[in-house]
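Source: prediction; values computed, not measured. As the structure lists them, so they are numbered: ligands from 1, and atoms in each ligand from 1.
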Amino acid sequence: MRQRIKTKIRKHLGWTRLLGAICDSDKGVRSLSLAGHVGFDSLPDQLVNKSICQGFCFNILCIGETGIGKSTLMDTLFNTNFENFESSHFEPQVKLRAQTYDLQESNVRLRLTVVNTVGFGDQMNKQESYQPVVDYIDRQFESYLQEELKIKRSLHNYHDSRVHACLYFISPSGHSLKSLDLVTMKKLDSKVNIIPVIAKADTISKSELHKFKIKIMSELVSNGVQIYQFPLDDETVAKVNTTMNGHLPFAVVGSTEEVAVGNKMVKARQYPWGVVQVENENHCDFVKLREMLICVNMEDLREQTHTRHYELYRRCKLEELGFKDTDSECKPVSLQQTYEAKRQEFLVELQKREDEMRQMFVQRVKEKEAELKDAERELQGRFEQLKRLHAEEKAALEEKKRLLDEDQSSFGKRKAAAQLLQAQSLTANGKKDKDRKK
Ligand code: GTP
Ligand code: MG
């Protein structure tokens, strides 16, 4: 194992080329042979020691319908009991539950995060099932990118939560993939390493399983779904990986129950008709999955996540923000140039917006002025009209007053005349009475 890590590191660092003393004349690099031991051949060991000291982290996402056997498989894979919660079939939307554990095997520490879907496939609308998963994966990439873009980065002690492997649990129907499976895997294949597994493979017969595997693979190919292929570039594992690629999707059985088989206790599922042994390769592909996922390709899964999936996310994100490596004439553009160009673009845009705002303001003022003038004119008109009405009313009242005054004076005259007549008649009547008495 240690030897494999060293080989891999050597390959990455280009030591094979350096130590092989091949002259790279194209780049003008000369190779020299050493007269004696110098010591830099210990670099791979130094790296291994450093990695062991730092510890590793690995994140697995389990996608599958409620009750398909996700938690049982995780417990079986890591030979432990993780915290498990049974999900209900009535979740309005898919949720993701992430739990992180610190594990240790020999002197290697592993920070393992197991993310489980809750309520996957229980919704009427398929988008409600896969979208939360897509969003979760993107969120982990985004927080890594944010850490990377910080001025004070602390990536060495940053808890990397990017998903390294996605176990997609296929229901053992023996029929075909569901449209939800295809849509989800298609949405995820550029974001994560998908390893499809046929869950509860003890419920399907051997011949049906064989046909089912072929059907699944052909459906994935015809729908252009890219699943994770075990790598063939490392010659130490190329052979086993080639064979295992041919066994995909792995048909798995999970169980933490120990059953006596012969004189040994083995992990198995016991039925009235027999025992399904989890670690028996004639019964299921559990051992193949464990070998491929944990023992052989864990580091490649981590590497692919960083160099392929995260790189794609980062590139799209930075391009969205307007950063690019080359200009329209394919000349390299530095970050400083992009920043300056963006700043200039921003200033021009700002100026344009300012001018627009100013013009709009002037226009609004003019409109308001015209409105006010109209209102003033209208008010003036109404005032004139009222003034006219008032003058007319005043004249009419004055005329009325004059007529009343005339009436009043003629009434006064008539009253005085009546009073005089009355007084005269009274005087005449008094004289008559006196004469009669005499
Ligand atoms: P949720 O988290 O509630 O969505 O369920 P899950 O997908 O984690 O399923 P879980 O592991 O809780 O298993 C659900 C049931 O399926 C349990 O009764 C398990 O014993 C059973 N089960 C798990 N793995 C297998 C398997 O490989 N074969 C069979 N036949 N049953 C299994
Ligand atoms: Mg579960």
Side-chain angles (χ1 to χ4, degrees), residues 59-101 112-123 126 128-130 132-133 136 163 165-175 177-178 180-181 184-185 194-206 208-209 212-213 216 247-259 261 266-293:
N59 307 318
I60 302 183
L61 167 64
C62 295
I63 307 178
E65 293 164 18
T66 307
I68 203 165
K70 302 180 289 293
S71 307
T72 311
L73 189 74
M74 280 301 109
D75 287 354
T76 321
L77 267 178
F78 287 92
N79 222 348
T80 186
N81 278 318
F82 296 119
E83 275 172 90
N84 291 325
F85 308 90
E86 207 171 288
S87 320
S88 102
H89 280 279
F90 306 101
E91 295 286 343
Q93 215 198 8
V94 170
K95 284 188 261 169
L96 285 111
R97 187 183 290 137
Q99 278 153 323
T100 302
Y101 308 90
L112 177 76
T113 300
V114 179
V115 189
N116 273 302
T117 54
V118 177
F120 183 78
D122 291 332
Q123 294 72 31
K126 292 183 183 61
E128 276 164 16
S129 282
Y130 70 73
V133 184
Y136 176 85
V163 177
C166 162
L167 291 184
Y168 192 94
F169 288 70
I170 298 166
S171 166
S173 64
H175 196 250
L177 285 172
K178 295 179 182 169
L180 175 62
D181 299 331
T184 309
M185 284 195 257
I194 302 175
I195 304 175
V197 293
I198 300 170
K200 299 189 180 179
D202 51 330
T203 60
I204 187 166
S205 78
K206 199 173 174 178
E208 275 175 346
L209 181 64
F212 192 35
K213 279 191 177 191
I216 290 171
H247 283 288
L248 286 169
F250 293 137
V252 293
V253 174
S255 174
T256 46
E257 205 182 310
E258 298 264 327
V259 177
V261 174
V266 292
K267 283 199 201 75
R269 297 190 76 83
Q270 200 163 18
Y271 295 101
W273 38 262
V275 172
V276 178
Q277 296 170 36
V278 171
E279 294 178 343
N280 184 333
E281 290 204 48
N282 290 322
H283 292 193
C284 72
D285 299 331
F286 173 80
V287 172
K288 293 188 182 77
L289 173 69
R290 190 175 57 193
E291 279 285 307
M292 289 294 99
L293 179 73

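- Scanning the protein heavy atoms around atom 27 (O) of ligand 1, the nearest turns out to be G254 N, 2.9 Å.
- Protein N/O/S atoms found under 2.8 Å from the Mg ion (ligand 2), listed by chain and residue number: S71 OG.
- In H247, the NE2 atom is crowded: over 12 heavy atoms of neighbouring residues, nucleotides or ligands sit closer than 6.0 Å.
- Only side-chain heavy atoms of Y271 come within less than 4.0 Å of ligand 1; its backbone N, CA, C and O stay farther off.
- When all heavy atoms of C166 and I63 are compared, the pair lying nearest together is SG-CD1, 3.5 Å.
- Put simply, atom 17 (C) of ligand 1 has no protein non-hydrogen atoms near it, under 4.0 Å away.
- Between the N59 side chain and the V163 main chain, no donor and acceptor come within less than 3.5 Å of each other.
- Minimum heavy-atom separation, R269 to S255: CG-CB, 3.6 Å.
- Among protein heavy atoms, the minimum distance from atom 2 (O) of ligand 1 is reached at S87 OG, 3.5 Å.
- Between Y271 and W273, the ring-plane angle classifies as parallel under the 30° and 60° cut-offs.
- Of the candidates K70, K200, R97, it is K200 that places a heavy atom closest to atom 15 (C) of ligand 1.
- Here the side chain of K70 pairs a donor or acceptor atom with the backbone of G64 at under 3.5 angstrom.
- Atom CD of residue Q99 and atom CG of residue N116 lie 7.5 Å apart, to the nearest 0.5 angstrom.
- When all heavy atoms of F286 and V253 are compared, the pair lying nearest together is CD1-O, 3.9 Å.
- Taking atom 5 (O) of ligand 1 as the reference point, the nearest protein heavy-atom neighbour is G67 N, 3.1 Å.
- In this structure, the protein non-hydrogen atom closest to atom 8 (O) of ligand 1 is S71 OG, 2.7 Å.
- Counting only heavy atoms from C-beta outward, the side chains of F212 and I170 approach each other to under 4.5 Å.
- At the top of the distance list for atom 9 (O) of ligand 1, counting protein heavy atoms only, stands G69 N, 3.1 Å.
- The protein heavy atom nearest to atom 23 (C) of ligand 1 is T72 OG1, 3.4 Å.
- Ring pair Y101/F82 is tilted by interplanar angle, where 30° to 60° counts as tilted.
- Taking only non-hydrogen atoms, the option from R269, M74, E65 nearest to atom 32 (C) of ligand 1 is R269.
- Contact record, F169 with G69: CE2-O, 3.9 Å, taken as the closest heavy-atom pair.
- Residue contacts with ligand 1, taken as heavy atom pairs separated by less than 4.0 Å, involve D202 solely via side-chain atoms from C-beta onward.
- Note on ligand 1: N116 sits outside its first shell, no heavy atom being nearer than 4.0 Å.
- Judged by distance alone, the side chains of T256 and N81 never bring a donor and an acceptor atom under 3.5 Å apart.
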